[in-house]
Undergrad: 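Just dropping this structure here.
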Amino acid sequence: MNQNSSSQWNWHLFTCLFGLLVAGCLLETISIEAAASEPAPEQQEKPNIVIILADDLGYGDTSPFNPDSGIPTPNFERLASQGMIFTDAHSGSGVCTPTRYGLVCGRYAWRTRLKRGVLAGYSKPLIDPDQQTIGGCLQTAGYHTCVVGKWHLGLGWQWKEDLPDDINNMGIPSNAPGMVDWEKPLTDGPLQHGFNNCFLFPASLDMSPYVYIKDSEVTAIPDTILDGQRFPHFYRKGEATEGFDVADTLDDLTAAATGYIKERSATGEPFFLYFPLTAPHKPVSPHERFVGSTELGLYGDFIHQVDSTIGEVVAALEEAGVAENTLLVVTSDNGSFMYTQESLETDHVADASVQKFNPDHHRANGHLRGTKADVWEAGHRVPFYVRWPAGMADGLAGSSNTTTICHTDLLATCCAIAGVEFDSDASPDSFDYSSLIVETGASFSRPPVVHHSAGGTFAIRKDNWKLVLGNGSGGRQQPRGTAFERPYFLFDLEADLAETNNLIESQPEIAAELQEMLIEIAGEDLPEPLKQQN
């Protein structure tokens, strides 16, 4: 199938499902166990692959990772009992865009132009035209590939006139709003990077433009301005389509994702669905049917809706008869923004404690140090679930794995499961840990994981040791510090997961060894300050 063809996607189904959502006729929560199974089509040899990437879901937000959580997450609990969880899984960064780049490309985003921060809705594409991607690799193995949800990797908008060259850190021309020619198709997006189809929101749900994209075109022309809101419903003022409602977005995307599953399952051919959610990232706006469903306010209600979304996806797989031979991965792009420290500052909330849960009621990031954006563990250690009934080794269902893995590894791992080779030079930060899923008692020794904060602070993790090459969080928790300024931090995470005991003075040899490892891994992409120190 040609990448630019959308003929194989039954968008009439999406329209019908969306109509049901608007009418409010969906059940409040779809239980995985309650999903009725239908006879499967003739089983293909290769498994389907579905990756769900929640947005800002914290390590402590789901009960399998935080038994003390007061938020009901029954579908996450069923995933944990039917599959396995990884307790030492990490995103490639403490924030959105670089994590997505790493997952799709098998390559750390600090190797690109994006050295800190994130992109936005009008940003130029981050993925190079010839970059290997997980979608492209799986296409070569005969997979139909699709992405539904938050893209946040830049898009090839066409402009009404030539724009000036004053591009900021987010890759946005200063006068971009109001300058997009909405009648013209995108010149760069998922279809140019290994996906047959897509249904997208351009960036985070608090960023304009507030439009949906089907394949290469917007589904409606923006014709109004959406006024901004303050936290917890925070989103920025910007261009929007008439009637756009942020509270409907997760439902709209879920309908598209489940519609795709039903459509492709009927073909008997393998498919790959990448489903990056827009939640529970700000704006904290759960659908009205979830408001009041927990005792932890809108944030708790939103987590509950995310759990329900997972249930809807698994129900679609069950109803299509393909759940047994579908590898399902559910994880998060970084830690939660729901802080537990009083000393935080944000760019848009004068009183940071507005976002603060009482830690006696709920810890969105568990007992990890820091928050989203930080180089501390709470910034990048994330919940990670795997479920594959037909392929998982006997005895692994309901198990917990402590092996260190990274989102960049999904490309190599999925390629191994699909039986296709990939170019390790093009995706140098991706390593295959599929043996941990398909073999009982398997081991996997990954090369060191490199962590990166929103502000550009690096850390490197090898076994139980973590070296932070900076003198602060590099993100949101005070003190933020400065990258590559001393004193550095060295932690023994096996003994001190909370990162409270800095061993940099007592273990200088270990710190020096870890720094040399980072220099070797970075290669020609070594940050300039470290080059000067080296």
Side-chain angles (χ1 to χ4, degrees), residues 53 55-56 90-105 107-128 150-155 157 165-174 176-177 201-209 231 234-236 238 276 278 281-282 332-337 339 344-349 352 355 370-376 378-380 382 407-408 429 450-459 468-470 472-485 522 525 527-530:
L53 185 70
D55 195 1
D56 288 8
H90 299 266
S91 57
S93 170
V95 282
C96 303
T97 299
T99 285
R100 285 162 169 71
Y101 178 89
L103 189 157
V104 170
C105 300
R107 187 169 179 260
Y108 294 126
W110 46 261
R111 298 188 188 277
T112 72
R113 74 171 192 265
L114 190 68
K115 308 301 183 183
R116 57 188 297 151
V118 299
L119 300 185
Y122 300 99
S123 297
K124 291 186 174 182
L126 184 63
I127 302 176
D128 288 338
K150 170 181 169 178
W151 182 237
H152 211 176
L153 288 168
L155 293 163
W157 300 111
D165 295 328
D166 57 333
I167 307 299
N168 65 17
N169 181 58
M170 301 172 83
I172 311 172
S174 59
F201 188 80
S204 294
L205 192 53
D206 58 357
M207 297 177 175
S208 63
F231 189 86
F234 174 83
Y235 52 85
R236 299 165 177 84
T278 53
H281 189 289
K282 305 182 299 296
S332 178
D333 63 345
N334 44 248
S336 173
F337 60 87
Y339 318 134
L344 292 164
E345 297 177 357
T346 66
D347 294 333
H348 53 271
V349 180
Q355 299 190 45
T371 185
K372 170 186 176 177
D374 291 352
V375 78
W376 309 133
H380 52 77
V382 291
H407 286 352
T408 55
D429 308 309
V450 178
H451 307 306
H452 199 234
S453 79
T457 294
F458 283 78
V468 176
L469 288 86
S473 72
R476 296 182 176 179
Q477 188 184 46
Q478 299 291 352
R480 296 176 179 178
T482 302
F484 304 111
E485 285 196 6
D525 300 310
E528 189 60 37
L530 197 55

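Each residue takes its place number in the sequence, starting with 1. Any value given below was found using the heavy atoms of this structure, including those in side chains, with hydrogens, waters and symmetry copies removed. Worth saying up front: this structure is predicted, and the values here are computed from it rather than measured.
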Undergrad: Minimum heavy-atom separation for Thr457 and Thr482, please, with both atom names.
TA: OG1-C, 4.5 Å
Undergrad: Please evaluate residues His281 and Lys372 with respect to the criterion side chain to side chain contact (heavy atoms under 4.5 Å, CB included), reporting the C-alpha separation (whole Å), side-chain torsions for both, the decisive distance (0.1 Å), and the verdict.
TA: CA-CA 11 Å; His281 189 289; Lys372 170 186 176 177; 3.4 Å; yes
Undergrad: Go through the steps for Cys96 and Asn334 under the test side chain to side chain contact (heavy atoms under 4.5 Å, CB included), then give the verdict.
TA: CA-CA 7 Å; Cys96 303; Asn334 44 248; 4.3 Å; yes
Undergrad: Flag the pair Arg100 / Leu119 as yes when at least one side-chain heavy-atom distance between them is below 4.5 Å, and no otherwise.
TA: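 With C-beta onward as the side chain, the pair stays apart.
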Undergrad: Evaluate the ring planes of His380 and His90, with Trp represented by its six-membered ring, and classify them as parallel (under 30°), tilted (30 to 60°) or perpendicular (over 60°).
TA: tilted
Undergrad: Of all the heavy-atom pairs spanning Gly117 and Pro98, show the shortest one and how long it is.
TA: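 Heavy atoms only, the tightest pair is O-CD, 3.9 Å.
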Undergrad: Taking the side chain as everything from C-beta on, heavy atoms only, tell me whether Thr99 gets closer than 4.5 Å to Ser93.
TA: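 Contact flag for Thr99/Ser93 side chains = yes.
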Undergrad: Show, in sequence, the C-alpha distance, side-chain angles and deciding distance for Phe458 and Tyr108, and conclude whether the side chain to side chain contact (heavy atoms under 4.5 Å, CB included) test is met.
TA: CA-CA 12 Å; Phe458 283 78; Tyr108 294 126; over 6 Å; no
Undergrad: Could you tell me which non-hydrogen atom of Pro529 sits nearest to which non-hydrogen atom of Phe484, and how far apart they are?
TA: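 Distance-wise, the nearest heavy atoms are CB-CD1, 3.6 Å.
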Undergrad: For the backbone of Ser453 and the side chain of Asp374, can you confirm whether one donor and one acceptor N or O come within less than 3.5 Å of each other?
TA: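 Not a single qualifying donor-acceptor pair exists.
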Undergrad: Can you find a heavy atom in the side chain of Leu114 that is under 4.5 Å from one in the side chain of Tyr101?
TA: no
Undergrad: Between atom CG of Asp128 and atom CG of Leu126, what is the distance when rounded to the nearest 0.5 Å?
TA: 8.0 Å
Undergrad: Could you walk me through whether Lys150 and Ser204 pass the side chain to side chain contact (heavy atoms under 4.5 Å, CB included) test, one step at a time?
TA: CA-CA 7 Å; Lys150 170 181 169 178; Ser204 294; 2.8 Å; yes
Undergrad: Just by distance, do the side chain of Lys115 and the backbone of Trp110 share a donor-acceptor pair under 3.5 Å?
TA: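 Indeed, once roles are kept as given, a pair shorter than 3.5 Å links the two residues.
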Undergrad: Using a 4.5 Å cut-off on heavy atoms from C-beta on, say whether the side chain of Pro276 contacts that of Asp55.
TA: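 Contact flag for Asp55/Pro276 side chains = no.
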Undergrad: Assess the side chains of His152 and Thr97: does a donor N or O sit below 3.5 Å from an acceptor N or O?
TA: yes
Undergrad: Would you say that Lys124 contacts Arg113 through its side chain, given a criterion of any heavy-atom pair below 4.5 Å between the two side chains?
TA: yes
Undergrad: With a 4.0 Å cut-off on N to O distance, would you call Asp429 and Arg107 a salt bridge?
TA: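 So Asp429 does not pair with Arg107 through a salt bridge.
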Undergrad: Hey, does Tyr235 have a side-chain heavy atom less than 4.5 Å from the side chain of Leu205?
TA: no
Undergrad: Does the Asp333 side chain pair with the main chain of Asp56, one donor and one acceptor, at a distance under 3.5 Å?
TA: yes
Undergrad: Heavy atoms only: give me the nearest His452-Gly92 pair and the separation to one decimal.
TA: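 Looking at all heavy atoms of both residues, the shortest contact is CB-O, 4.0 Å.
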Undergrad: Please report the closest heavy-atom contact between Met207 and Ala203, naming both atoms and the distance.
TA: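 It is SD-CB, 3.9 Å.
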Undergrad: State, with a plain yes or no, whether a side-chain heavy atom of Pro202 is found less than 4.5 Å away from one of Pro209.
TA: yes
Undergrad: On a heavy-atom basis, which atom in Ser91 and which in Gly379 lie closest, and how many Å separate them?
TA: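 For Ser91 versus Gly379, the nearest heavy atoms are OG-O, 4.2 Å.
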Undergrad: Does the side chain of Leu103 come within less than 4.5 Å of Thr408's, by heavy atoms?
TA: no
Undergrad: Treating Ser208 as the side-chain partner and Gly238 as the backbone partner, does any N or O pair qualify as donor plus acceptor under 3.5 Å?
TA: no
